[in-house]
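The structure under discussion appears below in the form of C-alpha cells.
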Amino acid sequence: MSDLIQLLPDAIANQIAAGEVVQRPSSALKELLENAIDAGATKVQVIVKEAGKQLIQVIDNGKGMSATDARMSFERHATSKIRTSQDLFSIRTFGFRGEALASIAAVAQVELKTRRNADELGTLIHIEGSEVKKQEPVATTPGTSVSMKNLFFNVPARRNFLKSNPVEMRHIVEEFQRVALAYSEIGFSLMQNDMEIYNLHPGKLSQRIVGIFGKNYQTQLVPCEELTPHVNVKGYIGKPESAKKTRGEQFFFVNNRYIKSSYLNHAVSNAFENLIQPDQHPFYVLFLEIDPSHIDINVHPTKTEIKFDDERTVYAVIRAAVKQALGAHHVVPALDFSVDVNFEDNWSSDAQKKADVDREYSYKTFNTPEFKKSSASGWERLFEGNQTFIQEQKRPVSEEGDDSEVLTFSSKANPEEESSSFPKPAEGEGTGTTFQVELSYIVAQMSTGLLILDQQAAHERILYERYLRQLKLAQGPSQQCLFPPVVQLNPSDYELVVGLMGELHSLGFMISEFGNNAVLVQGVPADIQVKNEKELFEGLIEQFKNFKNELSLDNRENLARSLARKSSLKKGQKLNSQEMETLVGQLFACQNPNYGLGGNKTFVKLDLSSIHSFFGKSHV
Ligand code: ADP
Ligand code: MG
C-alpha cells in the first residue's frame, strides 16, 4: 500500500488558518488596521458595506510595499516584522505572525493597491481564495489600500454563521474604537454604506475620547497617572456620576494593544467602591506600559487576553492610580450627615465659590500660640518634627509678622479668606469647633464646609509618609531604650530582620545581633510612644510579614506601612482639641491626604452647598 500522508495544498492550509484569524468581519478589520499602523500611517480610512460582509476597505498613507513585497505579503508566515525567535520577546508592532493577509486572501476576494513614496508606480494585486488573479503596475497614491470583498464567499457554512448586520456592525465599530483610542495621534474615519460614522482628527487622548463617545464626556474625564518602575498607568477615568448600568466603555491597553482582563477591571471597580452603585460600571481608558519581557502576548491571534508575570503588582498599581485620580479631584460622594451641633453663623457667603481645587483647606494647626504654650505632652512628642516636615513639603509658611503663628495650607480657590474665615480653636477639650464622634471620627470646620476624618486612617497616612521620608533620608531620630530588650526570633524572621537592618536603622531603630537568632533592641524611633519596645518590634515584623503576603511591596514601602499601622492612633482613643487640630493640619500637609493605607478614604468633605441643599436652599 502507498503512503497516506500528504502535505495540504496551500489554499486549504490557509483556509484552515483563516478559521483562527478571521472569525468575522471585525476580526479582519482589526488585522488591516493594525497593518496600517505598523506601516506608520498618519491617516487611515475605513469603508464598510453591509456590516463588512460585502466590503471592508482600509486605506492608509503608510510606507507602502514594493511589487515583490506586495506579492509576498499574501504568503503564510511572510512578515517583515520579526526575523529571529529572539524578536518574539521584544515585539512592539501589532503583527508578527505574517498570517493575516494570507488568511484573509484565503476566504475572501482581496484587492491590494500599494505604492512606496519613492516609487513612481504602485502595484495592484487581485487574489481570491489564495489564488492570484491579477498582478500589475498601477497609478495610485503613496500608501496601501486593501479591500476585502465577500468574506467567506468560498466557505458558505461560515458565511451563514455570520450574525445580523447590526450585530456584525457593532463588532466593527467596537474594533474601530479600540484602535482609534490607542492611536489618538492618527486620523481615522469610518464610513458605512456611504454614511460617515466617525471622522476623528489627530489629537490628544482626551479629544479622541470625546470624539468617539460624545461631547458630554468633556466634563466627565479625570486624568489618571501612576508611574512605577514596573509598570506605568496613564489615561482617563470617568467621574463616578458618569458610570453606567451597562458594561462596555472600559478599555485597557497594554503597550497600546487592547486587552480584556476581568482581574484588572476588578482593580478599577474596587477603587470606585462606595462611589458608584454595585451594579454600575465606571468609564475608563487606561494605558499600561510595561517591559514586553514581563508579558506574554504570544497567545491566540484574535484573543485579547494577556499574561503578566506579576499580575498582582499591576493590579495594585492600577487600583492606586484610580484611587489617586478620584481623590486628587475630590470626587467624593455626597454624604448623609446629621449631628447635633449648634452651627455658628460664621460661614462667609462667598466661601463656597469653588470647592473643586486641590487642597483648598485653610487650617490653623498646632503651631498657633495656644499650642506652643502648652506643655509637651506625650501626644505632642508623637508629632515632633512635624514643623520641618511640613516646611519641607514646600507649603507656604510665613516666618515673620503676625502670620508667623498661623500655619495655613494655601487655598487656590479663595486665597483671601485663608486667615479670616477660621474661628480660633478654643482651648480645652472638645469646646472648639473640632470634635470627636464615637472616639473615631474627627469633625472639623473649614472655610468651605465640614471635614470628617477617620482618625486612624488619617494618622496612618501621616505616619506612612513620614516614615517613607525617613527611609529615604536615612535619618529617623532614635530614642534609647532604658532596658534594651532581647528579642528571640525564629531563623527565617531573623534572616528577614538582618536583611532589613539598614532600613530599620533609617527609621530610628537601633538593633544589634545578639547571637542565636536573637537581636538586642537598643533604640526605637523617637516619635513613637512606646510602652513595650519588644512588643513594638515583634509587632512590626509580624505586620511586615502580613503585608508581604497580601501585597507585593518593596521592603521600604512595606516597612513604612507596617510601622505606620503599628504605631498609629486607633479607634476609640480620646483626643483633645489640640491633638485633633494637629492631626487635621498634618493630614493636609501630606502628599496624598485622600487615602489611608488600606485604600479607604481618610476624610470626607461636606460642602456648604450640600449643607444648604439639605434645607432646600440651592443658592444662598
Ligand atoms: P504581519 O502583520 O503579522 O507581519 P500580515 O499578513 O498582516 O502579517 O502582513 C504581512 C506583511 O505585509 C507585513 O509584515 C508587512 O510587511 C506587509 N504589509 C501588510 N499590510 C501593509 C500595509 N498596510 N502597509 C505596508 N505593508 C503592509
Ligand atoms: Mg498584520
Side-chain angles (χ1 to χ4, degrees), residues 10-11 13-23 26-47 56-85 87-108 110-119 122-127 130 132 135 138 140-148 151 175-176 178-179 182-183 186-189 255-258 292 297-304:
D10 269 357
N14 285 345
Q15 229 183 64
I16 293 170
E20 302 225 316
V21 183
V22 190
Q23 288 155 336
S26 65
S27 33
L29 174 65
K30 172 174 187 265
E31 295 294 338
L32 297 178
L33 285 174
E34 292 180 348
N35 279 349
I37 290 163
D38 284 346
T42 56
K43 193 168 164 237
V44 180
Q45 293 166 267
V46 180
I47 299 167
I56 289 184
Q57 183 177 11
V58 175
I59 307 166
D60 71 52
N61 65 350
K63 63 177 183 238
M65 286 178 265
S66 70
T68 322
D69 279 353
R71 177 63 195 81
M72 270 296 280
S73 69
F74 290 104
E75 295 297 325
R76 201 136 61 92
H77 305 308
T79 179
S80 55
K81 297 168 195 173
I82 54 171
R83 294 191 187 276
T84 67
S85 67
D87 292 348
L88 270 176
F89 297 97
S90 54
I91 288 164
R92 287 284 183 186
T93 54
F94 269 127
F96 61 87
R97 293 160 192 280
E99 272 177 345
L101 285 184
S103 301
I104 290 169
V107 290
V110 175
E111 183 189 290
L112 168 79
K113 264 195 231 172
T114 185
R115 190 191 124 194
R116 294 181 300 187
N117 208 0
D119 298 340
T123 307
L124 169 79
I125 292 180
H126 277 191
I127 182 164
S130 299
V132 180
Q135 170 160 6
V138 69
T140 180
T141 48
T144 302
S145 156
V146 182
S147 303
M148 180 190 81
L151 179 62
E175 205 57 70
F176 178 89
R178 291 167 187 170
V179 178
Y183 291 89
I186 298 178
F188 286 94
S189 66
N255 297 344
N256 258 13
R257 183 184 290 267
Y258 172 80
I297 51 170
N298 195 11
V299 284
H300 196 275
T302 60
K303 289 222 174 104
T304 44

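All ligand and atom numbering here is 1-based and tracks the order in the structure.
- The distance criterion of under 3.5 Å between nitrogen or oxygen atoms is met by Asn35 with respect to ligand 1.
- Close contacts of ligand 1 with Glu99, meaning ligand atoms under 4.0 Å from a residue heavy atom, involve 6 (O), 8 (O).
- Contact check for Val107 versus Leu151: side-chain heavy atoms found under the 4.5 Å cut-off.
- Under the 3.5 Å distance criterion, the side-chain polar atoms of Asn61 are left unmatched by any main-chain donor or acceptor of Gly143.
- Near Ala100, the atoms of ligand 1 lying under 4.0 angstrom from a non-hydrogen atom of the residue are 6 (O), 7 (O).
- Short contacts between ligand 1 and Met65, defined as distances under 4.0 Å to a heavy atom of the residue, involve ligand atoms 17 (C), 18 (N), 21 (C), 25 (C), 26 (N), 27 (C).
- An N or O contact shorter than 3.5 Å is missing between Lys63 and ligand 1 by distance.
- For the pair Pro292/Asn255, a side-chain contact is recorded, criterion being any heavy-atom separation below 4.5 Å from C-beta on.
- Ligand 1 has an N or O atom lying under 3.5 Å from an N or O atom of Asp60, backbone or side chain.
- Looking only at side-chain heavy atoms (C-beta outward), Lys30 and Val179 stay at 4.5 Å or farther from each other.
- Taking 4.5 Å as the limit, every side-chain heavy atom of Val146 sits out of range of all side-chain heavy atoms of Ile104.
- The salt bridge (charged side-chain N to carboxylate O under 4.0 Å, His left out) search around Arg178 returns Glu174, Glu175, not counting sequence neighbours.
- On a distance-only criterion, Leu101 and ligand 1 share at least one N/O pair closer than 3.5 Å.
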